[in-house]
**Student:** 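Quick one: this structure, given as C-alpha cells, is what I'll be asking you about.
Model, not experiment: these values are computed from the prediction.
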Amino acid sequence: MNPDGHPELPILVTSTDARTPKVSQAHANQRVELAWWLDGSQDQFRIAGFTHLCLSSAFPGTKSTSIPAEAAALKMLEAQGFDWDAKGKEVLDAMSPGMRAWWSAPKGSGTPLSSAEEQKGWASKSDEDKNNYETAAKNFALMLIDPDEVDWVALGAHPNKRTVFRKEGGQWVEQFLAP
C-alpha cells in the first residue's frame with residue numbers, strides 16, 4: 001500500500017498481537033528492521049524503516065504509537081485522512097477463522113506458560129462466534145512499516161550481487177556493494 005499518488009513510497013502491512021512485548025518495544029523505539037531469506041532464489045532482503053502500530057481503542061492500557069517524523073509515507077497517509085481502524089478491520093477480516101482465533105487466546109503470543117497442557121481448550125480453527133471475533137479484534141494490532149532502506153543480496157546470481165536502496169528526499173537511490 002502507499003499514499004495516494006505516490007507509488008514510490010511503499011508501506012508494508014502486517015499485524016501482531018497487542019499483548020506481545022514488541023508493542024512496548026515499538027513504543028520505546030520505532031526504528032525496525034525485517035530480514036528474510038528466499039531459499040529458492042538465494043536472495044536475502046533486509047528492510048529497515050519506521051513502524052506505526054494501530055491498536056484497538058478497546059485494548060486496555062497501551063495505545064497506538066505516534067507516527068515518526070521520519071516516516072514520510074505514513075505522514076502522507078495521515079494528511080490524506082487515512083482510516084487506520086478501517087484498514088485494521090480489513091486485514092483482520094481477510095484472515096481465516098483459525099488466524100482470528102489466535103488473537104482470542106487467553107494469553108498473547110510469547111507469554112510464558114506453566115506447561116503445554118495450559119493451551120488445551122483455547123480457541124481452535126473452528127471457533128468463530130461473535131465473542132471470539134470481538135476478543136480477537138481487541139487484541140489485534142495493525143503494524144505498518146515505512147521503509148527507508150532495502151539491502152538486497154542476490155547469492156543465486158553469478159557473480160553474486162548486492163544492492164542497497166535508500167530513500168533520500170522521497171526518492172529511492174541505489175548503490176551497488178560488494179556482496
**Student:** Any side-chain heavy atom of T111 within less than 4.5 Å of one from R19?
**Tutor:**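 Result no, sub-4.5 Å side-chain heavy-atom pair not found.
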**Student:** Any side-chain heavy-atom pair from F45 and L34 closer than 4.5 angstrom?
**Tutor:**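 Answer no - side chains too far apart.
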**Student:** Taking only residues at least two apart or on different chains, which pairs with a member in residues 168-179 satisfy side chain to side chain donor-acceptor pair (under 3.5 Å)?
**Tutor:**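 For residues 168-179, and leaving out neighbouring residues, the side chain to side chain donor-acceptor pair (under 3.5 Å) pairs sorted by first residue read R166-Q175.
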**Student:** Could you name each residue pair satisfying side chain to side chain donor-acceptor pair (under 3.5 Å) that touches residues 66-77, not counting sequence neighbours?
**Tutor:**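 Listed by first then second residue: nothing to list.
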**Student:** To the nearest 0.5 Å, what is the distance between OG1 (T51) and CG (L144)?
**Tutor:**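 Going from the OG1 atom of T51 to the CG atom of L144 covers 7.0 Å.
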**Student:** Provide the full list of side chain to side chain donor-acceptor pair (under 3.5 Å) pairs with a residue in residues 1-13, sequence neighbours left out, each pair given once.
**Tutor:**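 Listed by first then second residue: H6-E8.
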**Student:** Can you check whether M95's main-chain N or O pairs, donor with acceptor, with R100's side chain at less than 3.5 Å?
**Tutor:**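 Yes.
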**Student:** Between T65 and H52, is there a side-chain donor-acceptor contact under 3.5 Å, judged purely by atom types and distance?
**Tutor:**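 Yes, T65 and H52 have a side-chain donor paired with an acceptor closer than 3.5 Å.
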**Student:** For S109, what residues pass the side-chain contact (heavy atoms from CB on, under 4.5 Å) criterion, not counting sequence neighbours?
**Tutor:**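 Here the qualifying residues are T20, W102.
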**Student:** My understanding is that only residues two or more places apart in sequence, or in another chain, count here; which of them pass side-chain contact (heavy atoms from CB on, under 4.5 Å) with A71?
**Tutor:**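 Checked A71 against side-chain contact (heavy atoms from CB on, under 4.5 Å); matches are F50, I67, P68, L74, D146.
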**Student:** CD/E78 to CD/Q80 distance, rounded to the nearest 0.5 angstrom?
**Tutor:**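 Output value for this atom pair is 11.0 Å.
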**Student:** To the nearest 0.5 Å, how far apart are CG in L92 and OG in S15?
**Tutor:**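 Nearest 0.5 Å value for the CG-OG distance: 8.0 Å.
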**Student:** List in chain and number order the residues that pass ring pair (Phe, Tyr, Trp, His ring centres under 6.0 Å) with F82, two or more places apart in sequence or in another chain; answer none if no residue qualifies.
**Tutor:**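 Only W84 meet the ring pair (Phe, Tyr, Trp, His ring centres under 6.0 Å) criterion with F82.
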**Student:** Is it true that V91 and Y133 fall in one hydrophobic cluster, defined by side-chain heavy atoms closer than 4.5 Å?
**Tutor:**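 Yes, V91 and Y133 fall within the same hydrophobic cluster.
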**Student:** How many angstroms lie between atom CD1 of I11 and atom CG of L77, to the nearest 0.5 angstrom?
**Tutor:**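 Between atom CD1 of I11 and atom CG of L77 there are 4.0 Å.
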**Student:** To the closest 0.5 Å, what do you measure between CG (N139) and OG (S56)?
**Tutor:**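 Going from the CG atom of N139 to the OG atom of S56 covers 8.5 Å.
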**Student:** Rest of the hydrophobic cluster containing F176 (Ile/Leu/Val/Met/Phe/Trp/Tyr, side-chain heavy atoms under 4.5 Å)?
**Tutor:**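 None; F176 is a cluster of one.
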**Student:** Holding to salt bridge (charged side-chain N to carboxylate O under 4.0 Å, His left out), I want the full list of residues that pass it with D93, two or more places apart in sequence or in another chain.
**Tutor:**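 Per chain and number, D93 pairs via salt bridge (charged side-chain N to carboxylate O under 4.0 Å, His left out) with K89.
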**Student:** So, using ring pair (Phe, Tyr, Trp, His ring centres under 6.0 Å) as the criterion, who are the partners of F140 when residues are at least two apart?
**Tutor:**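 With neighbours one apart ignored, the set is W103.
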**Student:** For N29, enumerate each residue passing the side-chain contact (heavy atoms from CB on, under 4.5 Å) test, keeping only those at least two apart in sequence or located in another chain.
**Tutor:**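 Applying side-chain contact (heavy atoms from CB on, under 4.5 Å) to N29 gives R31.
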**Student:** Tell me, which pairs form a side chain to side chain donor-acceptor pair (under 3.5 Å) where one or both residues lie in residues 38-50, sequence neighbours left out?
**Tutor:**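 Matches after skipping sequence neighbours: E33-R46, W37-D39, D39-Q42, S41-D43, D43-W152.
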**Student:** Do you reckon V150 sits in the same ILVMFWY cluster as W36, going by side-chain contacts under 4.5 Å, direct or chained?
**Tutor:**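 Yes, same cluster.
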**Student:** Atom NZ in K138, atom OG in S104: separation rounded to 0.5 Å?
**Tutor:**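 If I round to the nearest 0.5 Å, the distance is 10.5 Å.
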**Student:** Is there a path of hydrophobic side-chain contacts, each under 4.5 Å between heavy atoms, that joins L155 and V164?
**Tutor:**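 No: no chain of side-chain contacts under 4.5 Å links L155 to V164.
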**Student:** Pick from M143, M1, E90: which one makes a side-chain contact (heavy atoms from CB on, under 4.5 Å) with V13?
**Tutor:**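 Exactly one option meets the side-chain contact (heavy atoms from CB on, under 4.5 Å) with V13, and it is M1.
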**Student:** Quick one: does any side-chain atom of S64 pair with a main-chain N or O of L55 as donor and acceptor, under 3.5 Å?
**Tutor:**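 At least one qualifying donor-acceptor pair exists.
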**Student:** Report the residues that fulfil salt bridge (charged side-chain N to carboxylate O under 4.0 Å, His left out) with K161, sequence neighbours left out, ordered by chain and then residue number.
**Tutor:**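 Listed in chain order: nothing, the list is empty.
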